[in-house]
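A quick write-up on the structure given underneath.
Both ligands and their constituent atoms are indexed starting at 1 by order of listing. Count residues from 1 along the sequence.
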Amino acid sequence: MRLVLVGAPGAGKGTQAKFVAKHFSVPAISTGDIFRANIAAKTDLGREAKRFMDAGDLVPDEVTIGIVRDRLSQDDTANGFLLDGFPRTLAQAEALRDMLDDLGTPLDVVLELQVDDDEVVRRLSGRRTCRQCGHVWHLEFDPPKQEGVCDIDGGELFQRDDDQPETIRRRLEVYTDQTAPLVGFYETAGLLRSITAQGPVDEITERAIAALEAAVDARADA
Ligand code: AP5
Ligand code: MG
């Protein structure tokens, strides 16, 4: 299964990626997570990406496409992958299509997670991440037992630098301007499935898996 999750910041891409990737036995690849790992490791890439991320803007296409090309050349993607947060521009979508065409392994499906803007702001402003294991909590919707401490390993919880109100607004604008057009692009390509991504996490996971299995079955029948 080769699939892409597309959706606004805070749509729950990372949350759902974990469960959906496990269900289909493929690696979940998040460009945002790759950039944040580079920031933590203080690499040149991390320094460059941080400037854009802190402003809520996109990291330039050349940089991002190169990273995904490298990641998709690793052996663990032989049976497929789930991309979370890539592509985010039409140029990235075209580059992905071309690189997969070259390999003879085109995308199977693109799943759009739909949420409204108020829900995005609620989700992002309450998000807290464990500095040790990376688990993502939410102050209101999925709070840890003890404030500021991860239930799983006792790690310190932090708020992402780009989850400040001003930056959230900018990320939403960037999504509308640069990423939302991908929905039409993938609809035209016959790859798009969309689900409502509001409500309990497990119900969204069920909807996501049902939509993806239906898409794969429909293609097998075609
Ligand atoms: P990235 O890390 O991809 O951020 P994003 O797209 O803004 O999305 P988020 O990670 O904020 O949200 P999510 O949809 O994963 O939601 P989550 O599951 O965490 O990118 C960050 C930056 O990196 C970009 O701004 C850009 O600068 C750069 N970048 C990355 N990729 C790039 C690319 N391709 N090109 C250029 N630049 C790129 O959920 C959010 C919160 O809600 C959590 O607290 C969670 O617990 C909670 N939650 C989840 N589901 C539910 C639910 N059903 N009910 C209640 N709460 C829920
Ligand atoms: Mg994410």
Side-chain angles (χ1 to χ4, degrees), residues 4-21 28-39 45-46 48-69 71 82-93 95-96 111-130 134-144 150-151 157-164 166-180 182 195-208:
V4 163
L5 288 187
V6 60
K13 300 183 295 297
T15 302
Q16 295 301 329
K18 245 185 4 194
F19 300 114
V20 171
I29 299 170
S30 154
T31 39
D33 286 351
I34 294 174
F35 290 137
R36 281 184 289 277
N38 275 274
I39 292 172
L45 169 66
E48 183 179 5
K50 187 171 173 23
R51 286 195 293 134
F52 296 97
M53 292 169 78
D54 283 355
D57 287 325
L58 296 182
V59 178
D61 283 339
E62 321 75 85
V63 176
T64 311
I65 291 166
I67 282 169
V68 171
R69 191 185 306 271
R71 183 63 188 85
L82 178 160
L83 287 171
D84 155 8
F86 181 95
R88 259 175 145 98
T89 62
L90 283 173
Q92 292 180 14
L96 178 66
L111 184 69
E112 181 200 9
L113 301 182
Q114 297 177 327
V115 287
D116 61 45
D117 285 5
D118 289 347
E119 179 73 7
V120 163
V121 173
R122 255 197 309 278
R123 285 189 189 175
L124 294 185
S125 39
R127 173 166 55 189
R128 296 293 184 275
T129 308
C130 175
H135 186 84
V136 176
W137 300 91
H138 193 282
L139 294 182
E140 188 187 339
F141 303 125
D142 184 20
C150 180
D151 287 4
L157 302 186
F158 72 97
Q159 183 168 28
R160 265 171 51 175
D161 289 342
D162 59 350
D163 281 347
Q164 302 300 328
E166 252 323 281
T167 322
I168 293 173
R169 268 195 291 280
R170 175 68 192 148
R171 286 161 64 202
L172 276 168
E173 275 170 23
V174 168
Y175 181 78
T176 304
D177 293 348
Q178 302 193 51
T179 308
L182 295 187
I195 59 164
T196 303
Q198 299 201 179
V201 169
D202 55 348
E203 287 180 15
I204 299 168
T205 306
E206 281 172 25
R207 272 203 290 280

(request) Write out all pairs satisfying salt bridge (charged side-chain N to carboxylate O under 4.0 Å, His left out) with one or both partners inside residues 56-68, taking only residues at least two apart or from two chains. (result) D57-R170
(message) Using modelled atom types and a 3.5 Å cut-off, is there a donor and acceptor pairing between side-chain atoms of R123 and backbone atoms of A11?
(response) yes
(request) Taking ring pair (Phe, Tyr, Trp, His ring centres under 6.0 Å) as the test, write out the residues that go with F19, two or more places apart. (result) none
(message) Test side-chain contact (heavy atoms from CB on, under 4.5 Å) on I34 and I29; report intermediate values, then the result.
(response) CA-CA 8 Å; I34 294 174; I29 299 170; 4.1 Å; yes
(message) Going by side chain to side chain donor-acceptor pair (under 3.5 Å), name the residues that satisfy it together with D116, two or more places apart in sequence or in a different chain.
(response) none
(request) Kindly tell me which protein residues have any non-hydrogen atom under 4.0 angstrom away from an atom of ligand 1, grouped by chain and ordered by number? (result) A8, P9, G10, A11, G12, K13, G14, T15, T31, G32, F35, R36, M53, D57, L58, V59, T64, G85, F86, R88, Q92, R123, L124, R127, V136, W137, H138, F141, R160, D162, R171, G199, V201, I204
(request) Taking all non-hydrogen atoms of both residues into account, name the closest pair between T167 and A55 and its distance. (result) CG2-C, 3.9 Å
